[in-house]
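Below, read A as the first sequence line, B as the second, and so on, with proteins coming before strands; counting in each chain starts at 1. The figures that follow rest on heavy atoms only: side chains count, while hydrogens, waters and symmetry mates do not.
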Amino acid sequence: MQQLSKSEAQERADRISAFQLELQQLERERVLQLSNAQRQALDDYHAGLVAQLSQSYDIDHDQRTRQLSLGMRIASFLGALALAASVFFLFYQYWGRINTSTQVTLLIAAPVFMFLVTMLIVARDQSGYFAKLAAMVAFACFVLNLVMLGQIFNITPSDKAFIVWAAFAFLLAYSCDARLLLAAGIICISAFISARTGTWSGMYWLDFGERPENFLPAAVIIFMVPQFIDHRHYWGFAPIYRVFGLLMLLLPVLVLANWGDASYIDADDELIEGGYQLAGFIISALAIWIGLRRQWAEVVNTGNVFFVIFLYTKMFDWWWEIMPKYLFFLIIGLTAILFLFIFKRLRSAGLLSIKEAR
Amino acid sequence: MKDSRLRKPLLIGIALLLLTNAVVLGGVYYNRAGDDVRRITLTERELTLPYRYGRNRENSGIALRLNYRVASGRAHKYYLSGSGSPAWFDRKKLALVGYDVSPSVDSEQGRRAYKKLRSREALLVLEYDGATYQAALDHAQKGLLEKRQQLDRDPHSDIYQNQLKNAERMLEREQTRNSRLFVIDVGNDEQSLRKQYADSARYIIVAGKVGISLHVVKGGVWELSGNIHSVAIREVTVPWKYRSLFEGILDRPRSSRVLQQAPRYQLSVAYGKRLEPWIIDAVSLPSAQ
């Protein structure tokens, strides 16, 4: 059997399950009838394949195991966050009572040790949950490592810490198939790019959040990553890049659409706000269009959400003061119904074109 | 097969962790090595202990807060806080730290351009127990004298009596408790500042954050001035070997700390090549007994 990722193996098992259910339905409706020999061969083949996939990749082969896996994922996520917080507070509680050499040794040893433990678990544990938990603790230890060295030796805060944290988070994310760590890596690298954009414009790096436009270069870079790097073997990674990219693009635009003073642009605030409001509509509409074309559901959904936010924000600006409140909310409700009709027609048109293509 | 696939990430991860720490510790060594280290002696007035509330109770480390002041050009002249617009931080100094001050403040467009400008990194010069502190002391003494004369003219006035008490408290604070560290200059060229302020026992050069301030003065005239925001390193961690000196003070009930008059400890602080500080000596003062 060719080497698959866990997500590819799970997809195969899900397809087999769906195929078996559909085959049963077709047989009941007398559309398709397999001979006993054919049916037996098919069942034997699928049973063997699912057993092999379960053993090799620890996949969910029925609804019960799927529900248990969801529970394990939640437990792993909460456990990881709690353990990471515990590491921080444990060190904070006791670090002042040990000498500097011991402090430094512990701070360096902790992430190295946890990283080794993580790699060991990755090599041994098929489920991946324990590995993700250990990886999160390793990342927390590395963040603590640099933060505490900075405190112990009174080091000037630097944005360069973000780049090494990002590198470590990405390494762990791709080694353990951990989407939470991928998100952490994206946040760190975006913070670095945004801080650098801020310093190139002359501002103090820690104040990079005061100019939302500092996030725009990072937004474009993050969104484009899946276009240049193949993520087929990492289920859910490409959507995370795209969603974060869109959020870093549309949130600053939303802020600037309401607060033009925060922009780099030297123009009247109302002009800036108007420009960004228009940009917000165009970008979110483009996101919906691209998402539909490329079948990127997450891009469509994000574009939808922001299009609605921009629309309702604009309606608020136009009508909240001059209209009775019941009328304002009635118009909002009617707009939502209008959107429902538009999406229904688009959906029907899409189904019709599929039928015609056949 | 899985183990061999993990070998590369394992090596990369270990190398990343060790190299990062090597760079950080190398930077610490670089900061503290060589002859460019400046040493200054400060007391509790300039490096204060934290309050033991909330999060700090969960943190066993002790960090002293650098307490410096700015002599503002406006109403409350000698601020107790570490931010403000000193009179010497004018248009010329703003240009020196990298701001474009060519737009005119008299035009709407010019004022909009200035309002757009954000804070920048700059070097701050802190003067310890120098001419600026002496001026603050003189200001408090002058204020007390004025209030005494006021009360002499109207001895039965409750308002004047209260004002005299406040003036006495202010002078007492200025003499025994307020920080003697003042920001007296800004710049971008560390070497020229080191040359200009060569007395390391009186001047510290630190990295900090400055901004631009646009305001209306008398007569409706717009004025441009610089604003001192903060220093980059506001807290200095106490090394473990001096911890016991501060633990006793921190463990005392808060009321006794408020009533204390004179500083209870003295510190020798060094600032290195990267302008990062560290404590090289700490002694308790007689008032701590």
Side-chain angles (χ1 to χ4, degrees), chain A residues 3 89 92-104 107-108 111-112 115-116 118-120 122-124 138 142 145-146 148-157 160-161 164-165 167-168 171-172 174-175 198-199 201-207 210-211 261 263-269, chain B residues 1-3 5-7 9-10 12-14 16-25 27-28 31-32 55 58-63 98-100 109 112-113 115-122 207-211 229-230 232-233 235-241 243 247 274-279:
Chain A
Q3 189 66 20
F89 286 112
Y92 265 107
Q93 187 81 48
Y94 296 108
W95 74 289
R97 302 183 198 287
I98 50 179
N99 63 46
T100 307
S101 310
T102 311
Q103 286 171 356
V104 173
L107 285 171
I108 297 173
V112 172
F115 180 62
L116 290 169
T118 303
M119 290 289 120
L120 193 68
V122 168
R124 304 277 182 269
F142 189 38
N145 175 185
L146 296 188
M148 292 313 302
L149 283 182
Q151 278 195 34
I152 290 166
F153 296 110
N154 311 307
I155 299 172
T156 311
K160 294 186 192 78
V164 289
W165 286 333
F168 194 56
L171 183 71
L172 288 168
Y174 283 93
S175 302
T199 50
S201 75
M203 68 193 303
Y204 187 53
W205 79 266
L206 270 168
D207 295 338
E210 289 184 12
R211 286 264 184 262
D261 187 45
S263 172
Y264 275 112
I265 302 169
D266 184 13
D268 183 63
D269 285 353
Chain B
M1 197 170 177
K2 198 171 185 183
D3 288 358
R5 193 169 56 88
L6 292 172
R7 193 169 294 143
L10 180 69
I12 292 172
I14 299 290
L16 175 68
L17 292 171
L18 295 177
L19 197 63
T20 305
N21 281 284
V23 167
V24 169
L25 294 172
V28 171
N31 179 59
R32 299 184 181 198
R55 189 178 68 85
E58 295 286 331
N59 185 357
S60 60
I62 301 173
Y99 282 109
D100 175 13
Q109 199 180 355
R112 193 177 60 216
K115 280 178 186 164
K116 285 281 180 188
L117 294 174
R118 288 291 182 260
S119 57
R120 297 183 81 92
E121 200 168 348
K209 190 170 88 162
V210 300
H229 280 176
S230 60
I233 302 170
E235 290 190 345
V236 184
T237 301
V238 173
W240 180 75
K241 61 179 174 178
R243 189 183 166 80
E247 267 181 331
R274 298 201 318 185
L275 309 179
E276 291 163 359
W278 69 98
I279 294 170

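Between chain B and the residues D207(A), I265(A), V104(A), the most heavy-atom pairs under 4.5 angstrom are made by D207(A). Across V210(B), I14(B), I12(B), the residue that shares the most heavy-atom pairs under 4.5 angstrom with chain A is I14(B). Contact count versus chain A (heavy atoms, under 4.5 Å) is highest, among R118(B), R32(B), K241(B), E235(B), for R118(B). Contact count versus chain B (heavy atoms, under 4.5 Å) is highest, among I155(A), L171(A), V112(A), V164(A), for I155(A). When each of A267(A), A138(A), G150(A) is scored by its heavy-atom pairs under 4.5 Å with chain B, the top score falls to A267(A).
For P157(A), the part lying near chain B is the side chain, with the backbone staying farther off; criterion is any non-hydrogen pair under 4.5 Å. Contacts of L172(A) with chain B are absent, with no heavy-atom separation under 4.5 Å from either backbone or side chain. Using a 4.5 Å cut-off between heavy atoms, I233(B) contacts chain A through its side chain alone, with no backbone atom that close.
In this structure, CG in N154(A) is found 13.0 Å from CG in L275(B), a value given to the nearest 0.5 Å. Rounded to the nearest 0.5 Å, atoms CZ (F142(A)) and CG (L16(B)) are 5.0 Å apart. With values rounded to the nearest 0.5 angstrom, L25(B) atom CG is found 9.5 Å from L107(A) atom CG.
A donor-acceptor pair is defined here as one N or O able to donate and one able to accept, closer than 3.5 Å; no such pair exists between the side chain of N99(A) and the backbone of W240(B). No donor-acceptor pair closer than 3.5 Å links the side chain of K116(B) to the backbone N or O of Y264(A). Formation of a donor-acceptor pair under 3.5 Å by the E276(B) side chain with backbone atoms of T156(A) is found in this model. Checked by atom type and distance alone, the side chain of S119(B) never pairs as donor or acceptor with a backbone atom of M203(A) at under 3.5 Å.
Put simply, the residue from R112(B), K115(B), Q109(B) that forms a side-chain hydrogen bond (donor to acceptor under 3.5 Å, both in side chains) with D266(A) is R112(B).
Shown here are the side-chain hydrogen bond (donor to acceptor under 3.5 Å, both in side chains) partners of T199(A), two or more places apart in sequence or in another chain: there are none. Applying the side-chain hydrogen bond (donor to acceptor under 3.5 Å, both in side chains) criterion to N21(B), with sequence neighbours excluded, gives N145(A).
Taking the side chain as every heavy atom from C-beta outward, W95(A) and T237(B) approach each other to under 4.5 Å.
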